[in-house]
Amino acid sequence: MAPDPHRLSTRGHALPKIELHVHLEGAITPALAACLARRHGHEPDEVLMLEDGAYPARYDGFDHFLRTFLATSAQVRTPEDLAEVAAGFATGQAEQGIVHTEVTFTAATHIEAGMEPHAMWAALRDGFAAAPDVEVGLIVDVVRDGGPAAAAHTVRLVEQADAPIVGLGLSGSEGSVPEGEFTLLRTAADRLGLGLTVHAGETGDAGNVRAAVDELGADRIGHGIATIDDEELTRRLATAQIPLEVCPSSNVALRLTPTLDTHPLPRLHGAGLTVVIGSDDPPFFATTFSDELAHAQRLLALDDDGLADLQVAAARAAFVPAARREQLVAAVEQWRRRSA
Ligand SMILES: [Zn+2]
């Protein structure tokens, strides 16, 4: 049988993988969302935005996606629900051979819905323990629409958390509040020894990526596909090796690019930018991290060595101590030697 260019090879499956851009609430499958809804006395069709039991294949813009995402996220009502979500996520990552993953978690949403912080962090720890072979680091994000007050609230939560937090994030609607309002996130990240990743240049333009770098000193950029529209910025990011977390299927599902074959990934990679691949919200975009790697491999015309290079880049971009990053690199290199 001819190999399927949309799937990883058997060898690729065995590659130790590192995924850095995926949202915990965005990893809730429609089946789990329906189960959580019923558990709390709701008919899935009344509270979830499902079409024939599945998420929409494509979205009528970012707001449509956001409503779908928030309807699912709202089904996580108790620490037990959250532990189940975390366990499902970690197990799914393990099945793909992911050894290190950094998952974005919007803690404030659950706190506002009444979850008690200690129980929330404990639920995450318990859930992640379901897959002990996967190292899970949390990126606790701030929805920028809530402004600096929301950021300060999230920082306080993080300061008091007993959880494997590796980074802070900034997401939400690009342009709703200027990046410069969130300098407290940079200060907090430095003080707490955390990374900072900023969703920018996804639905918005390159100016947002520039602001994320210049005003917040972002260590990584979530998406950043608009960077390619600005030559000077592209050169700067390439020189500074600031990684872009590129999620091809997400961009197609949100109609930011018409098809995978027209995705700017080859231009970003060709311009010398450091690219790491992510699945973003995999069941919402009918994808997995392995599928996203396969898409990247095909679009960039990479052999399995090139695929390993993408994972080395991800290992080097991880928000973990340098010694741990080198261990992750060594795991990929060992795969390269052993499976050659
Ligand atoms: Zn994202």
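Just so you know, ligand 1 is whichever comes first in the structure, and atom 1 is the first atom listed for that ligand. Each residue takes its place number in the sequence, starting with 1. Since we're looking at a predicted model, the values are computed, not measured.
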Suppose we only allow N, O or S atoms; which atom of Asp280 ends up nearest to the Zn ion (ligand 1)?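 The nearest such atom is OD1.
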The Zn ion (ligand 1) reached by His199 (N, O or S, under 2.8 Å):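 Yes.
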Any N/O/S atom from His223 (main chain or side chain) under 2.8 Å of the Zn ion (ligand 1)?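 Within the cut-off used here (under 2.8 Å), His223 places no N, O or S atom near the Zn ion (ligand 1).
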Short N-O contact, [X] and [Y], less than 4.0 angstrom:
| X | Y | value |
| --- | --- | --- |
| Glu84 | Arg39 | yes |
| Arg144 | Glu179 | yes |
| Asp162 | Arg125 | yes |

What is the ring orientation for Phe284 with Phe69, classed by angle as parallel under 30°, tilted 30 to 60°, or perpendicular over 60°?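 Ring orientation of Phe284 relative to Phe69: tilted.
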